[in-house]
Amino acid sequence: MTELRGSYRPDIDGLRAVAVLLVLAFHAGAGCPGGFVGVDVFFVISGFLITGILLAELEAGQLTLLGFWERRIRRILPAAAVVLMVSFVVGWFWLLPQDFLELGRSILAQVLMVPNLYFYRTSGYFTQDADLKPLLHTWSLGVEEQFYLLLPFLLLMLRRVSHKNLRLVLASLGLGSLALSVAWSTSHAWANFFLLPTRAWELLLGSCLAAWKPGPKAAPRWLNECLGAAGLMMIFGGAFGYDEKTTFPGLAALLPCGGAALILGSARSGHTLTFRLLSWRPLVFVGLISYSLYLWHWPLLAYARYWAVDPLPWQARGLLMLAALGLAVLSWRYVETPLRQRRVLQSRRAIFTAAGLCTALLLGAALVVEFTGGMRSRLPDEVLQFADGSQDHRDYPMVSPEAAERGDFIPLGINNPAVHLTLMIWGDSHAWAVMPALDELCQKHGRRAVAAVYPATFPALNYVSTNPHSLRERSPAFHEAVRRFIISQKIMDVLLVATWNGHFDEGNPDQAEQALITTVKSLKADGVRVWLMKSVPTYPVAIPKALAGAVIHGEDPEQVGKPLAEHLKASLTETQIFAKLAAEGAGILDPMKRLSTASGRCRVSSDGRSLYRDHHHLTVFGAGYLTPIFAPIFESL
């Protein structure tokens, strides 16, 4: 139940229901493109409730750290531990070794209360598909758990200050966190999304509201009605107005967080229409089971998607959400409630002992998976060889705009500064993928080269990339710095590599075409030979997993590759633009000379190994397989 200073507010459980239903709708693809804002609503609610309870205990002289953490353990650990254990058992039978290894590591991170840190480190541009990670959603638990660890200490340190000064401190910390979130919105997008320093302001917004004491004169009824209605509209505005391309969090998060705060604050002095709507009993019940519902829904979706080649149909997603609802009811009734209400493990010693044993069990399971490399012995060698393609990559650093300005690029080929630079590789993550092959070719031919790469960023002058993981508005400055370096170093050959089809589909093809033509003309005018590698085929599933699955299910791995005609049709815009670039004097390198089979399909494997490490990036082996198409560059050198 939702309690605050002894009084139960059903509308808060109703607001929890709204939050969790938005998250479920977003994850299930049910027409709510910004439903992820439900997590932010949860953060505000958590900050409001926890701070209110702590302040009440502090004023009564009853606040103890052990007592607070005991309540948090009873509230959070039981349901989470059951989900972690079930996910582990299912993963044993369902996941390939690398994915099972990552599941074990995410369990370990949750045990250590740092899942957000783990997913920040592993959910970058080159990771497996995010919607196949069964415990990805626990990142939000990590943010809350870290906040719960710090908040009691902060309030104990400030226990002698007035409420006014307490609110000032909380507000100052919140504003600092918000400012950091805004600053990191584009430059450190993953850190901004996952880490506590840029999420703390959302919880602290609730904390400030809890620390605020209304004056003796109640606000007019009409004002509370307006504030509550505005709060609901703000939350739904974010839920249906935002999508995955929205820069989030940051300023955009003010809409749902502010909406949640308005709802929480407007109902303190009277029952508004919003209060009555959120207090509707079915909604309140969903709010009561919201924690378990949040925990269960994502693993069900992730495991259902794991071996699926096509997106799950809406009927399947609907059944999965009903299953999550059923599991949540059972979890709430038989796991959450008995422990929270002290029907079992009544004493503090008992709950701490049980928590320790549960933690040790999960820790042991995670370590076994780690030390066995994901229990590789579960699967035959042919499956393992295909599956290992997901790890066949070479890590290269990203070249930041600042590094580009300094001329600090990724060195390739022979490491001898006395040798003149002859080749620049310029592109996005697809350039990263082929760099191992180019590195070996440069070494073989005694050449020195450098690479200027940044993920999702279209390599063309005067073009602003729109992908949320790209440099965005910093793209033109980055590319101009690359051009200046090419000219100043008298580099003879420049190779542009990118997922052209993806860029043309996401942005404006006409602008992209003109930017590429401008880039080719500019470089040609400076005496540079320009080469462009066409896009490799892309797939809706990770190829190593698809190949391994084909073997497991007794199917022909060669059939995993899409029909060549399908790829050519998807590449029509690229083909037309590249024909114009060829007319401007650019050399066109076509990977399909190597990635086509005699049966008219796109090649995705060779000699029992995957040519791709995910759904569109080549493995090191795959890049080496393309080596012959780069021969014209080195012949010209």
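Everything quoted here is computed from the prediction, not taken from an experiment. FYI, side chains are in, hydrogens and waters are out, and symmetry mates aren't considered; it's all heavy atoms of this structure. Residues: numbered from 1 along the sequence shown.
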* Asked: Closest heavy-atom contact between V453 and A431?
  -> CG1-CB, 3.6 Å

* For atom NZ of K521, is the number of surrounding heavy atoms from other residues, nucleotides or ligands below 6.0 Å larger than 12? -> no

* To do: On the 0 to 90° scale, with breaks at 30° and 60°, tag the W426-H479 ring pair as parallel, tilted or perpendicular.
  => tilted

* Taking the side chain from S177 and the backbone from L173, do they hold a donor-acceptor pair closer than 3.5 Å? -> no

* Over all heavy atoms of both residues, which pair between A19 and G38 is shortest? Give the atoms and the distance, please. => CB-O, 3.4 Å

* Under a 4.5 Å cut-off applied to non-hydrogen side-chain atoms, are F43 and C257 in contact? -> no

* Asked: So, for I491 and M424, which heavy atoms are closest and what is the spacing to 0.1 Å?
  -> CG2-N, 3.8 Å

* Asked: Between D510 and Q514, does any side-chain donor sit less than 3.5 Å from a side-chain acceptor?
  -> no

* Anything under 30° is parallel, anything over 60° is perpendicular, the rest tilted; go ahead and classify W298 against H137. => tilted

* Asked: Without hydrogens or angle criteria, can the side chains of Y306 and D99 be said to hold a donor-acceptor pair below 3.5 Å?
  -> yes

* To do: Please work out whether the ring planes of F458 and Y463 are parallel, tilted or perpendicular, with thresholds of 30° and 60°.
  => tilted

* To do: Take Y294 and S140, measure what side-chain hydrogen bond (donor to acceptor under 3.5 Å, both in side chains) needs, and give me the verdict at the end.
  => CA-CA 10 Å; Y294 179 78; S140 63; 2.9 Å; yes

* **Heavy-atom pair with the smallest gap, counting every atom of L516 and P459** => CD2-O, 4.1 Å

* To do: Report yes if some heavy atom in the side chain of S390 is under 4.5 Å from a heavy atom in the side chain of K545; otherwise report no.
  => no

* **Heavy-atom side-chain proximity of T573 to F578 below 4.5 angstrom** => no

* F193 six-ring centre to R199 NZ/CZ under 6.0 Å and within 45° of normal -> yes

* Below 4.5 Å, heavy atoms only, C-beta onward: do I425 and L412 meet side chain to side chain? -> yes

* Test item: D388 and Q391 side chains (from C-beta on) under 4.5 Å apart, heavy atoms -> no

* Within a strict 4.5 Å, meaning less than it, do heavy atoms of the F194 and L117 side chains meet? -> no

* Asked: With distance as the sole test, does S535 use its side chain to make a donor-acceptor pair with the main-chain N or O of W500 at under 3.5 Å?
  -> yes

* Non-hydrogen atoms of L136 and A130 that approach each other most closely -> CD2-O, 3.5 Å

* Should we count CG of N415 as having more than 12 external heavy atoms under 6.0 Å? -> no

* Taking atom types as modelled and ignoring hydrogens, do the side chains of D131 and H27 form a donor-acceptor contact shorter than 3.5 angstrom? -> no

* Is there a donor-acceptor pair closer than 3.5 Å between any side-chain N or O of T246 and the backbone N or O of Y242? -> no

* To do: Measure the acute angle between the ring planes of F621 and Y625, then classify it against the limits of 30° and 60° as parallel, tilted or perpendicular.
  => tilted

* Hey, would you say the H615 and Y539 ring centroids sit under 6.0 Å apart? -> no

* Asked: Between the side chains of S46 and E144, is a donor N or O closer than 3.5 angstrom to an acceptor N or O?
  -> yes

* Polar side chain donor-acceptor pair, R472 to T247, under 3.5 angstrom -> yes

* Asked: So H188 and W184, would you call those rings parallel, tilted or perpendicular, with 30° and 60° as cut-offs?
  -> tilted

* **For the student: nearest non-hydrogen atoms of T198 and A191, plus distance** => OG1-O, 3.4 Å

* Structure fact -> Taken to the nearest 0.5 Å, the spacing of T518 OG1 from Q511 CD works out to 11.5 Å

* Could you tell me if the ring centre of W190 sits under 6.0 Å from that of Y120? => no

* Asked: When rounded to the nearest 0.5 angstrom, what distance separates CG in L180 from OG in S185?
  -> 9.5 Å

* Are the charged groups of E566 and R601 less than 4.0 angstrom apart, N to O? -> no

* About how many Å separate OH of Y148 and CE of M113, when rounded to the nearest 0.5 Å? -> 12.0 Å

* Asked: Side chains of N116 and Q146: do they bring a donor and an acceptor to under 3.5 Å?
  -> yes

* To do: Report the distance from atom CD1 of I633 to atom CZ of F630, rounding to the nearest 0.5 Å.
  => 6.5 Å

* **Euclidean distance, L626 CG relative to I629 CD1, rounded to 0.5 Å** => 5.0 Å

* **Gap between atom CZ of F485 and atom CG of D408 - 0.5 Å precision** => 9.0 Å

* Would you check if there is a donor-acceptor pair between the side chains of S181 and N192 at a distance under 3.5 Å? => yes

* Step by step, would you call K580 with E513 a salt bridge (charged side-chain N to carboxylate O under 4.0 Å, His left out)? -> CA-CA 9 Å; K580 297 178 183 178; E513 175 185 341; 2.7 Å; yes

* Any Lys/Arg nitrogen of D392 or R613 sitting under 4.0 Å from an Asp/Glu carboxylate oxygen of the other? -> no

* **Side-chain donor-acceptor pair present, H393, T619, cut-off under 3.5 Å** => no

* Asked: How about L22 and F36: do any of their side-chain heavy atoms sit closer than 4.5 Å?
  -> no

* Are side-chain heavy atoms of P256 and F236 found at a separation under 4.5 Å? -> no

